[in-house]
Amino acid sequence: MKIAIYTLGCKVNQYETQAMEAELLARGHSLVPFEERADAYIINTCTVTAVSDKKSRQVIRRARKEAPEAVIGVCGCYAQTAPEAVEALEVDLISGTAGRMAFLDDLEAVLEDRRAARLAGEGPRVTVDDALRRRVFEVLPAGGLEGRTRAMLKVEDGCVNFCTYCVIPYARGRVRSLSIPEAEAQCRRLAAEGYREVVLTGIEISSWGAERRDGSGLIGLIEAVCRALPADVRVRLGSLEPRTITADFCRRAAALGNLCPHFHLSMQSGCDSVLKRMNRKYDTARYYESVQLLRGAFDRPGITTDLIVGFPGESEEEFRDTLAFVEKCAFSAMHIFPYSRRAGTPAAKLPGQAPNAVKEDRARRAGALARRLEAAYLDGWVGETLPVLFEEEKDGLWRGHAPNYVEVFARGEDLHNVERPVKLLRREGGSLIGEL
């Protein structure tokens, strides 16, 4: 059977899609681009914002319109939190964020009997559980999409932070963790397959091991993974909560030669009163302590973050406090999001919902500051040499990333999946140009 998959959302969704792709190929199916005719279409949805919900619905409608006879299977976070809305879109199969292999079993079954079911007027097959009752981590095969130099390894699922703006705990459930022996085994397999970088990902990897209540912590997993891999295979971390960064974490992390000095510290706001309304578990003092600890342990690490602007009740003064804190932290790169009102979250009911024009203006101002800080960080590396893992050829140059996640371009031949030292000559926009 020909099967096409469309993925929305985060790296965890991307990871789970590649696992489904590997399984479908192993079962004898063929994968085709989503724009081509297929026997079945899988839409792996996202619900992190209202825009994500809208995009998920649009993709589902497009698939049904362009392939009326095909089977449409929908999974992921939007399907988990709004199965009734998905059911109204004339799909054949609805699953959530658990049981990916069972979802594929159901897809094959629906492919077999779809015509009979439709003739009988049957509705879609729905297998959505209660995410908050999950207690077991679903192990999926790690890997990357074809041609990639980096592989993703999902080591954690779920979140219990319950930030006031977020629906993800209801879509993903409580914290569940991949065991260290399984993580080591998957890393050894990835290295044998030729991957040169492994990205540890999850919904909230800082909580890895928390459900075991035995003192397990993320740094122990990182040490095990780094040591399971050859010294020339990098390990990169997904998004971290500031509480993860302690003196002990930094001391142990700095001793790992293949750990990339790139840390994405989730921030969301640089104002304590806004952080409190968000129900974040830190204040700006604790956040800045994490930044300083990392800079004390690593040579100019890449420190990146997320920022939500226009949160309910955010005043102009609070926003200016955030801009000042962003400048103090001097991030190497930032993702900036206007606040998205999510039905069913406490923040949706807070007073002071900002007009779109205000959110757009603040996103523009924060973006201008972020670009200035990024340029300063990149300019600081001009004239120096960094190892670059090259991924693809683009416009006559090879593109890759240094360990600090700086994007680098250089001329060369046959550099795919090759790491080479590069002398950094100049900055162009958000990238550095260098020579081997």
Side-chain angles (χ1 to χ4, degrees), residues 10 48-49 51 163 165-166 237-242 245 261-278 280 282-296 298-341 347 352-382 401-402 404-408 424 426-433:
C10 66
V48 70
T49 67
V51 173
C163 301
Y165 54 82
C166 187
L237 304 181
S239 179
L240 300 172
E241 289 289 306
I245 310 303
H262 166 227
F263 303 93
H264 187 86
L265 291 185
S266 181
M267 184 181 73
Q268 311 309 351
S269 176
C271 174
D272 287 340
S273 53
V274 177
L275 288 171
K276 188 174 181 179
R277 293 199 297 275
M278 289 178 167
R280 300 295 286 174
Y282 51 85
D283 58 15
T284 53
R286 178 63 183 88
Y287 190 98
Y288 191 65
E289 179 186 351
S290 297
V291 172
Q292 293 295 84
L293 284 169
L294 288 170
R295 289 189 172 136
F298 296 90
D299 177 24
R300 290 168 290 169
I303 301 179
T304 58
T305 198
D306 301 312
L307 173 64
I308 296 173
V309 298
F311 190 75
E314 181 185 63
S315 66
E316 176 63 23
E317 182 180 1
E318 288 174 323
F319 178 63
R320 287 198 299 266
D321 287 345
T322 286
L323 293 182
F325 186 70
V326 165
E327 183 130 32
K328 179 180 179 181
C329 291
F331 297 109
S332 57
M334 296 177 64
H335 300 301
I336 298 166
F337 305 94
Y339 167 71
S340 177
R341 195 172 188 173
Q353 300 287 331
N356 287 337
V358 170
K359 291 188 281 189
E360 290 167 5
D361 175 67
R362 290 178 182 172
R364 177 188 57 78
R365 291 156 63 191
L369 174 57
R371 288 189 293 275
R372 178 164 62 81
L373 295 175
E374 180 182 37
Y377 181 76
L378 294 175
D379 288 343
W381 286 101
V382 172
H401 285 87
N404 57 6
Y405 209 55
V406 166
E407 184 180 57
V408 177
L424 305 171
R426 67 184 184 277
R427 175 177 62 86
E428 288 189 7
S431 306
L432 289 174
I433 309 300

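V291 places none of its side-chain heavy atoms less than 4.5 Å from the side chain of K328. Residues L369 and E327 form a side-chain contact, since some pair of their non-hydrogen atoms from C-beta on lies under 4.5 Å apart. Side-chain contact between H264 and D306 is present, with at least one heavy-atom pair separated by less than 4.5 Å.
A salt bridge between R286 and D283 is absent, with no side-chain N of the basic residue lying under 4.0 Å from a carboxylate O of the acidic one. We find that E314 and R277 are not joined by a salt bridge, their nearest charged nitrogen and carboxylate oxygen being 4.0 Å or further apart. Checked for salt-bridge contact, R365 and E316 meet the test: a charged N lies under 4.0 Å from a carboxylate O.
When all heavy atoms of T49 and S340 are compared, the closest pair comes out as CB-OG, 3.4 Å. Pairing each heavy atom of A354 with each of G310, the nearest pair is CB-O, 3.8 Å. Nearest heavy-atom pair, L432 versus L378, reported as atom, atom and distance to 0.1 Å: CD2-O, 3.7 Å. The shortest heavy-atom contact between E374 and S332 is CG-O, 3.2 Å.
For the atom pair CD (E289) and CG (L294), the distance works out to 10.5 Å, reported to the nearest 0.5 Å. Here I433 contributes atom CD1 and R426 contributes atom CZ; the two are 5.5 Å apart, rounded to the nearest 0.5 Å. Remark: C329 SG to R295 CZ distance equals 7.0 Å, nearest 0.5 Å. Between T304 atom OG1 and Y405 atom OH the span is 9.0 Å, to the nearest 0.5 Å. Rounded to the nearest 0.5 Å, atoms CD (Q268) and OG1 (T305) are 6.5 Å apart. Rounded to the nearest 0.5 angstrom, S273 OG and M278 CE are separated by 10.0 Å.
Checked by atom type and distance alone, the side chain of R364 never pairs as donor or acceptor with a backbone atom of A366 at under 3.5 Å. A donor-acceptor pair under 3.5 Å links the side-chain atoms of Q353 to the main chain of A347, judged by distance alone. Judged by distance alone, with hydrogens and angles left aside, the side-chain atoms of K359 form a donor-acceptor pair with the main-chain N or O of Y339 at under 3.5 Å.
Taking the six-membered ring for Trp and thresholds of 30 and 60 degrees, W381 and Y377 have ring planes more than 60 degrees apart, a perpendicular arrangement. Taking the six-membered ring where tryptophan is involved, the planes of F325 and Y287 are perpendicular, since the angle between them exceeds 60° and thus also 30°. Taking the six-membered ring for Trp and thresholds of 30 and 60 degrees, Y165 and F311 have ring planes more than 60 degrees apart, a perpendicular arrangement.
Exactly one of L265, V326, L307 qualifies for a side-chain contact (heavy atoms from CB on, under 4.5 Å) with F331. That residue is V326. F319 pairs with exactly one of V358, V274, V309 by the side-chain contact (heavy atoms from CB on, under 4.5 Å) rule, that one being V309.
In this model, a donor atom of one side chain and an acceptor atom of the other lie less than 3.5 Å apart for S266 and R280.
Annotation: H401 is not in aromatic contact with H262 [ring centroid separation under 6.0 Å not met].
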Go through the steps for T322 and R362 under the test side-chain contact (heavy atoms from CB on, under 4.5 Å), then give the verdict. CA-CA 11 Å; T322 286; R362 290 178 182 172; over 6 Å; no

